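Written below as structure tokens is the structure these notes are about.
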Amino acid sequence: MKSAQLALIASRPGILFGAGLMVAMALVAIAAPWLAPIDPQSIAPFDRLQGPGGHYWFGTDQIGRDVYSRTLYGARVSLIVGCAVAVTSISIGLLLGLLSGFIPRLDAVLMRVMDGMMAIPSILLAISLIALTGPSLRNIIIAITIAEVPRVTRLVRGLVVGLRGQLFVEAARASGTTVPVILYRHIIPNLLAPLLVQASYVFAAGVMTEAILSFIGAGVPPETPSWGNIIAEGRTVFQLAPHIVLFPSLVLSIMVLAVNALGDGLRDAFDPRFLEKK
Amino acid sequence: MIDYVARRTLATIPVLLLVAIIVFSLLYLAPGDPAAVLAGDQATAEEIARIRATLGLDQSFLTRFFQWGGGILRGDLGVSVFSGKPVTTLIAQRLEPTIALTFMSLFFAVLIALPLGVLAAWKADSWLDKGAMGFAVLGFSVPVFVLAYCLIFIFSVQLKLFPIQGYKPIAAGFGPFLSHMILPSFGLGLLNAALIARTTRAAMLEVLRQDYIRTAQAKGLSTARVLIGHALKNAAIPIVTIIGISFAMLISGVVVTETVFNIPGVGRLVVDAILRRDYPVIQGVILLFSLTYVVVNLLVDLSYVLLDPRIKL
């Protein structure tokens with residue numbers, strides 16, 4: 001990476017804010033058992049629907065569980081889903097995009113299938129997959145990944161088709177370089193920056209979709225604390241105890257905001273137009 | 001022009017066919033026995049067998065696909081496993097609130113996004129621009145149910161201006177209908193406005209650089225006429241395109257919003273269907289929403305001809 005790019009990354013508050021918050025959230029998720037003052041599953045019937053403050057920082061829910069501890073543990077589900085969806089979607093999308101970009105006969109078929117998948121709103125595609133496979137963390141990751149792959153594939157394919165026509169790739173071909181070497185040396189390095197940007201958007205979409213799925217009851221099993229689940233459980237007592245919905249909502253929004261800011265920052269940093277301006 | 005319209009319209013058929021194949025094949029591609037998963041944990045062997053027969057899983061893939069596909073072409077989406085009623089009837093009963101919510105959200109989205117995007121581009125790099133784009137980033141990041149609860153808390157619980165949830169059909173009077181619909185559609189519209197505003201700003205910035213804008217200003221036209229009559233008109237294509245693309249987001253938002261506000265629409269139908277593992281209903285709703293999405297984007301493509309007379313491909 002050029003030093004100009006590094007300087008630009010440092011000058012972009014979005015990247016620092018986003019990356020910093022993600023690291024902090026990862027630490028919270030890992031350290032949840034030590035950070036949480038109370039077991040997230042422990043029930044305190046006499047302390048139901050307590051407001052925030054005192055012993056319970058974020059208050060308690062309708063069966064007296066500590067909302068603060070549950071929110072801390074919720075970070076685990078969100079981060080696992082976000083990371084897993086980002087890594088698998090980008091990997092599969094990269095593979096399919098490369099295949100599509102280099103094998104014209106496959107390209108036509110694959111792109112039509114992607115068109116069809118993209119015509120189905122992603123939440124609904126995920127919902128139907130969950131309905132068929134049953135709600136579990138693994139199935140949720142698979143369902144969201146399937147919904148995200150078409151976008152990544154299209155992006156990669158578009159970039160590959162563009163790169164393939166470039167002079168340096170044609171020169172490599174003409175000098176007898178084999179396709180795997182061209183891919184490894186000329187194509188993939190040029191895909192890394194846009195894929196990194198895309199990965200952060202996919203991560204954000206993964207976190208958001210998991211929360212929505214959990215919220216509508218097609219997410220991780222209810223006993224697992226996830227932000228969407230906590231909000232869904234707080235729904236019924238929203239008027240009495242808005243704090244149950246409020247705190248996980250706030251954390252969820254900040255998390256997605258941070259990842260989006262990171263993605264926007266990286267996009268600007270990698271965009272040569274911004275380099276010229278500076 | 002007729003050629004262009006016909007070509008674009010025909011091009012949607014393979015996409016729709018693929019959507020149908022994907023939605024249908026999911027049943028067969030799912031690992032394990034979908035009939036057993038759909039029947040739930042406490043199901044008896046008879047119940048599983050009944051669901052397998054209802055879904056046609058006991059027949060071959062192709063036989064079943066042509067039966068199912070033929071049914072769709074005749075407007076038959078199958079029968080709900082839970083209630084035994086035809087899926088089309090169930091959807092038809094719940095269409096009104098969903099259509100109302102979709103249109104009103106779209107209305108609010110455009111109403112908020114266009115002025116915001118135009119002003120942000122006009123005063124680029126000002127505090128107004130930064131504020132508008134800050135709002136846009138927020139709009140991408142706040143989940144629709146979070147904003148919905150914030151609105152309920154402020155306007156329904158604290159200020160008591162609107163009912164907390166529920167729905168009144170238009171037939172019951174326009175006043176009650178509107179008071180139930182304003183918060184849900186405003187919330188959904190506000191989030192959708194973020195993406196549209198961002199694109200409006202980018203498209204306007206591009207147009208405002210053109211020579212004919214300087215000419216229009218030099219002629220002494222008022223700023224409003226330059227911005228709306230000259231610039232916005234020429235920035236229309238990307239804006240209309242993004243409205244079409246964001247329609248998928250709007251549909252997902254409708255499903256969630258109906259859940260938050262307890263609106264008995266198609267979105268609520270599909271959420272209930274998940275809880276009841278009623279796959280034919282899920283299938284039907286996905287097909288309907290995907291069809292709507294494809295048709296909306298077809299209309300967007302066709303609108304190019306009206307927006308830009310140069311397109312007569």
Side-chain angles (χ1 to χ4, degrees), chain A residues 14 112-135 139 142 146-147 201 204-205 207-209 211-213 215-219 227-228 231-232 234-235 238-240 242 245-246 248-250 252-261 263-264, chain B residues 12 14-23 26-27 29-32 34 37-38 137-138 140-147 149-150 152-153 156-157 164 247-256 259-260 267 270-275 277-279 282-283 285-287 289-291 293-294 297:
Chain A
R112 294 295 82 70
V113 173
M114 295 299 148
D115 282 347
M117 284 172 76
M118 278 164 76
I120 305 173
S122 56
I123 297 267
L124 288 170
L125 186 58
I127 284 177
S128 61
L129 287 163
I130 297 291
L132 285 172
T133 52
N139 290 347
I142 295 174
I146 291 177
Y201 293 139
V207 171
M208 185 94 106
T209 312
I212 290 177
L213 288 176
F215 176 76
I216 57 178
W227 295 334
I231 297 168
R235 224 174 82 198
F238 179 69
Q239 280 174 268
L240 282 169
V245 169
L246 178 78
S249 297
L250 217 82
L252 170 64
S253 308
I254 293 173
M255 177 78 202
V256 180
L257 182 69
V259 186
N260 276 332
D264 285 353
Chain B
T12 59
V15 175
L16 287 175
L17 188 68
L18 266 158
V19 169
I21 293 175
I22 292 169
V23 171
L26 287 179
L27 253 180
L29 291 176
V37 176
L38 294 173
V137 176
L138 262 181
F140 289 130
S141 308
V142 176
V144 55
F145 55 87
V146 170
L147 179 66
Y149 279 117
C150 292
I152 294 177
F153 187 72
S156 302
V157 178
I164 288 172
F247 202 78
M249 228 169 78
L250 192 70
I251 290 172
S252 302
V254 163
V255 174
V256 177
T259 309
V260 174
V270 78
V271 171
D272 288 340
I274 305 167
L275 304 176
R277 307 184 156 279
D278 198 345
Y279 196 70
I282 299 177
Q283 234 173 16
V285 173
I286 291 183
L287 274 180
F289 277 146
S290 306
L291 174 74
Y293 180 58
V294 172
N297 280 289

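What you see is a predicted model; the values in this text were computed from it and never measured.
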Within the structure provided, determine whether Leu287(B) and Gln283(B) are in side-chain contact (heavy-atom separation under 4.5 Å). no
Minimum side-chain heavy-atom gap Val23(B)-Ile120(A) below 4.5 Å: yes
Ala204(A) versus chain B, heavy atoms under 4.5 Å apart: side chain, backbone, both or neither? neither
Counting heavy-atom pairs closer than 4.5 Å to chain B, which one of Thr209(A), Asn139(A), Asp264(A), Leu250(A) comes out on top? Asp264(A)
Under 4.5 Å to a heavy atom of chain A? For Phe153(B) that would be both
Quick check for you: among Ala273(B), Ala20(B), Ser290(B), which has the greatest number of heavy-atom pairs under 4.5 Å with chain A? Ser290(B)
Quick check for you: among Ile21(B), Ile274(B), Ile282(B), Val15(B), which has the greatest number of heavy-atom pairs under 4.5 Å with chain A? Ile274(B)
Choice from Thr259(B), Val270(B), Leu291(B), Val285(B) maximising heavy atom contacts with chain A below 4.5 Å: Thr259(B)
Which region of Met118(A), side chain (C-beta onward) or backbone (N, CA, C, O), has a non-hydrogen atom less than 4.5 Å from a non-hydrogen atom of chain B, or is it both or neither? backbone
Would Arg235(A) pass as a cation-pi partner of Phe215(A), given that its NZ or CZ must be under 6.0 Å from the six-membered ring centre and within 45 degrees of the axis? yes
So, for Pro121(A) and Ala248(B), which heavy atoms are closest and what is the spacing to 0.1 Å? CB-O, 4.1 Å
Testing the basics here: between Asn260(A) and Ser141(B), what is the closest heavy-atom pair and its distance to 0.1 Å? ND2-OG, 3.2 Å
Measuring only between side-chain heavy atoms, which start at C-beta, is Leu26(B) closer than 4.5 Å to Tyr279(B)? yes
With heavy-atom distances below 4.5 Å as the criterion, would you say the side chains of Leu252(A) and Met208(A) are in contact? no
Give the member of Val144(B), Val157(B), Val255(B), Ile164(B) that has the highest number of heavy-atom pairs under 4.5 Å with chain A. Ile164(B)
Most contact-rich option vs chain A, by heavy-atom pairs under 4.5 angstrom, among Gly267(B), Ser252(B), Ser156(B), Cys150(B), is Ser252(B)
Can you tell me how far apart CD1 (Ile146(A)) and OG (Ser122(A)) are? Round to the nearest 0.5 Å. 12.5 Å
Given heavy-atom pairs under 4.5 angstrom as the criterion, report whether the side chain, backbone, both or neither of Phe145(B) touches chain A. side chain
Closest approach of Val271(B) and Ile216(A), non-hydrogen atoms and distance? CG1-O, 3.5 Å
Which one, Leu124(A), Ile127(A), Ile231(A), leads in non-hydrogen pairs under 4.5 Å with chain B? Leu124(A)
Can you say whether Pro14(B) sits under 4.5 Å from chain A via the side chain, the backbone, both, or neither, judging by heavy atoms? neither
Most contact-rich option vs chain A, by heavy-atom pairs under 4.5 angstrom, among Asp278(B), Leu18(B), Val137(B), Asn297(B), is Leu18(B)
When the 4.5 angstrom heavy-atom criterion is applied to Val142(B) and chain A, the contacting part is both
